[in-house]
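Just so you know, ligand 1 is whichever comes first in the structure, and atom 1 is the first atom listed for that ligand. Everything numeric here is computed off the predicted structure, so don't read it as measured data.
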Amino acid sequence: MKYTHSIKYACFLVVVISVFACKDFEEKKEALGLKNAATFPIGTAININRLLNDAKLQKLEIENFNSITATSDMKMQAILSAENKYNWKTVDTILDYAQKHNQRLFGHNLIWHSSTPKWVREKGEKDSVWLDDFMQQYIKTYVKRYKGKVAAWDVVNEAFESSGGNYRESLWYKKLGKSYIEKAFRYAHEADPNAVLFYNDFNIERDTVKLNAVLNMVKEFKAKGVPISGIGFQMHIRMDIPDEVIANSLKKAAATGLQIHLSEVDIIFNTHNDERLGGIQNYSVLTDEMKQAQAEKYKNLIKMYKEIVPKAQQFGITFWDFTDRDSWIKGFFNLKDWPCIYDDNLQPKPAYFGVLEGLKE
Ligand code: XIL
């Protein structure tokens with residue numbers, strides 16, 4: 001009788017221990033995400049409605065990331081598509097989500113030629129005094145509303161031409177001159193003195209003339225006390241952009257002492273020409289060799305960031321969508337490609353493990 005009791009008791013213990021062990025394992029599995037392998041924030045850009053309507057996407061997003069950027073929902077076109085009709089609803093939803101899941105909310109972006117609503121362009125063309133005043137009102141209203149909640153902003157996005165060192169001939173530049181950029185930083189800083197303020201651009205990892213122009217602007221800003229805190233490298237790169245070129249650019253940018261954000265990372269195989277719907281489809285099929293090469297490229301990028309950018313300046317790395325299914329490349333350039341770390345079926349690609357290794361090494 002005594003033995004039967006002991007056996008029963010032992011069996012009970014085994015069951016209890018296994019249940020807890022399984023639970024523990026489940027938790028560990030959950031916790032195995034990119035963010036846990038990193039010493040700086042790891043983010044993704046996302047469309048919030050897509051995210052909220054896709055449980056699988058959401059699970060992966062929560063597992064992997066502790067920073068979040070809206071692909072387009074926080075741009076001027078989304079906030080103020082018509083005069084005096086601020087639309088905060090979507091931003092509030094994103095903020096709720098970020099807070100619920102302990103994610104840093106990154107504000108992308110305040111001023112961008114490509115997201116200036118038609119009504120602003122029309123009015124601004126006719127009246128530069130109005131445009132100047134509008135920019136101030138817009139930035140202050142927006143940044144104040146999310147003061148202490150949006151951790152950082154891309155204050156001005158893509159103020160230089162796609163290639164070379166000239167300021168982009170945008171409405172803002174044509175009407176207000178280059179001073180619109182520093183004004184935008186000052187307004188944002190006034191509205192939230194603790195927000196980290198970035199200048200963000202593309203191709204600066206490969207186009208030395210463009211990077212030098214950005215760095216000259218930064219130098220000018222520092223001399224004048226313009227409150228810029230960081231440089232965002234969008235880092236929409238291609239497999240054939242040499243790592244050494246990228247390393248060199250990161251080194252030069254890090255020498256400013258500013259925060260460095262890899263803000264929109266993806267890696268494509270085909271060639272686009274930086275214009276909507278423009279590019280050459282060299283590759284139509286993704287082979288295993290290509291997947292491996294992409295993994296290596298992702299890993300090297302992460303390693304370069306860790307090695308070159310001093311720890312105190314590592315603001316983080318943000319992927320521009322994290323699945324090939326949702327990537328902007330297809331729609332924007334009309335190119336089939338495989339830029340992201342998860343595939344069309346939301347399975348991790350070798351690229352995902354490349355990133356993980358890069359973070360761990
Ligand atoms: C892209 C979005 O991902 C797309 O959904 C949208 O149609 C166009 O804009 N540089 C930027 C981002 O700074 O805002 C762009 O995002 C991609 C290029």
Side-chain angles (χ1 to χ4, degrees), residues 43-54 57 61 65 67-81 90-91 94 105-118 121 142 150 152-163 167-168 170 172 181 184 188 197-207 210-211 214 230-238 241 260-268 270-279 315-342:
T44 187
I46 208 89
N47 172 304
I48 192 70
N49 286 326
R50 190 182 289 152
L51 185 66
L52 294 178
N53 288 310
D54 185 335
L57 190 70
E61 201 275 344
F65 304 105
S67 179
I68 188 167
T69 304
T71 41
S72 288
D73 292 327
M74 288 178 72
K75 295 170 181 169
M76 194 186 280
Q77 176 62 43
I79 301 295
L80 203 51
S81 62
T90 315
V91 185
I94 302 169
L105 178 52
F106 188 89
H108 175 81
N109 50 47
L110 293 171
I111 302 293
W112 185 32
H113 69 281
S114 200
S115 193
T116 308
K118 188 159 169 268
R121 277 185 276 128
Y142 194 178
V150 170
W153 291 93
D154 282 333
V155 177
V156 178
N157 195 34
E158 304 180 356
F160 288 87
E161 294 290 358
S162 295
S163 66
Y167 284 100
R168 185 181 290 277
S170 65
W172 304 96
I181 307 173
L197 304 181
F198 283 86
Y199 175 75
N200 193 51
D201 216 325
F202 66 95
N203 286 4
I204 51 177
E205 76 290 340
R206 72 187 82 161
D207 183 337
K210 186 168 179 175
L211 176 65
V214 171
I231 301 172
F233 281 77
Q234 291 187 5
M235 212 53 93
H236 293 293
I237 58 174
R238 222 171 43 214
I241 307 298
I260 306 293
H261 184 202
L262 306 191
S263 56
E264 308 185 12
V265 176
D266 54 18
I267 308 183
I268 61 169
N270 291 292
T271 313
H272 65 63
N273 61 8
D274 299 315
E275 299 297 328
R276 210 177 267 270
L277 302 181
F315 186 76
I317 298 183
T318 300
F319 297 89
W320 206 250
D321 273 309
F322 65 93
T323 75
D324 287 344
R325 185 193 71 180
D326 299 338
S327 166
W328 68 300
I329 298 288
K330 230 173 280 166
F332 199 87
F333 298 110
N334 194 25
L335 283 175
K336 183 176 169 56
D337 213 295
W338 312 269
C340 299
I341 53 178
Y342 279 81

Measure the distance from [atom] to every protein heavy atom, then report the residue, atom name and distance (to 0.1 Å) of the closest one.
atom                    : answer
atom 13 (O) of ligand 1 : E264 OE2, 2.7 Å
atom 7 (O) of ligand 1  : F332 CD1, 4.4 Å
atom 9 (O) of ligand 1  : K75 NZ, 3.1 Å
atom 3 (O) of ligand 1  : W320 NE1, 2.9 Å
atom 6 (C) of ligand 1  : S72 OG, 3.6 Å

Only one of N47, I79, I48 passes side chain to side chain contact (heavy atoms under 4.5 Å, CB included) with T90; say which it is. I48

Any carboxylate oxygen within less than 4.0 angstrom of a Lys/Arg side-chain nitrogen, looking at R325 and D54? yes

Distance under 4.0 Å to a non-hydrogen atom of [X]: what atoms of ligand 1 satisfy this?
X    : result
H108 : 11 (C), 12 (C), 13 (O), 14 (O)
E158 : 10 (N), 11 (C), 13 (O)
N157 : 11 (C), 13 (O)

Please step through side chain to side chain donor-acceptor pair (under 3.5 Å) for the pair N200 and E264, ending with a clear verdict. CA-CA 10 Å; N200 193 51; E264 308 185 12; 3.1 Å; yes

Quick one: are D321 and T71 in side-chain contact, heavy atoms under 4.5 Å? yes

T318 side chain reached by F65 side chain, heavy atoms, under 4.5 Å: no

Under 4.0 Å, heavy-atom basis, I'd like to know which part of N47 is in contact with ligand 1: side chain, backbone, both or neither. neither

Please work out whether any backbone atom (N, CA, C, O) or any side-chain heavy atom from C-beta onward of W112 is under 4.0 Å from ligand 1, and answer side chain, backbone, both or neither. side chain

Check against side chain to side chain donor-acceptor pair (under 3.5 Å), T116 and W172: CA-CA 9 Å; T116 308; W172 304 96; 3.0 Å; yes

Looking only at distance, does R276 have an N or O less than 3.5 Å from an N or O of ligand 1? no

Could you tell me whether some N/O pair between N200 and ligand 1 is separated by less than 3.5 angstrom? no

What is the ring orientation for F333 with H272, classed by angle as parallel under 30°, tilted 30 to 60°, or perpendicular over 60°? parallel

Should the ring pair W153 and Y142 be called parallel, tilted or perpendicular, given that the plane angle runs from 0 to 90° and is split at 30 and 60? perpendicular

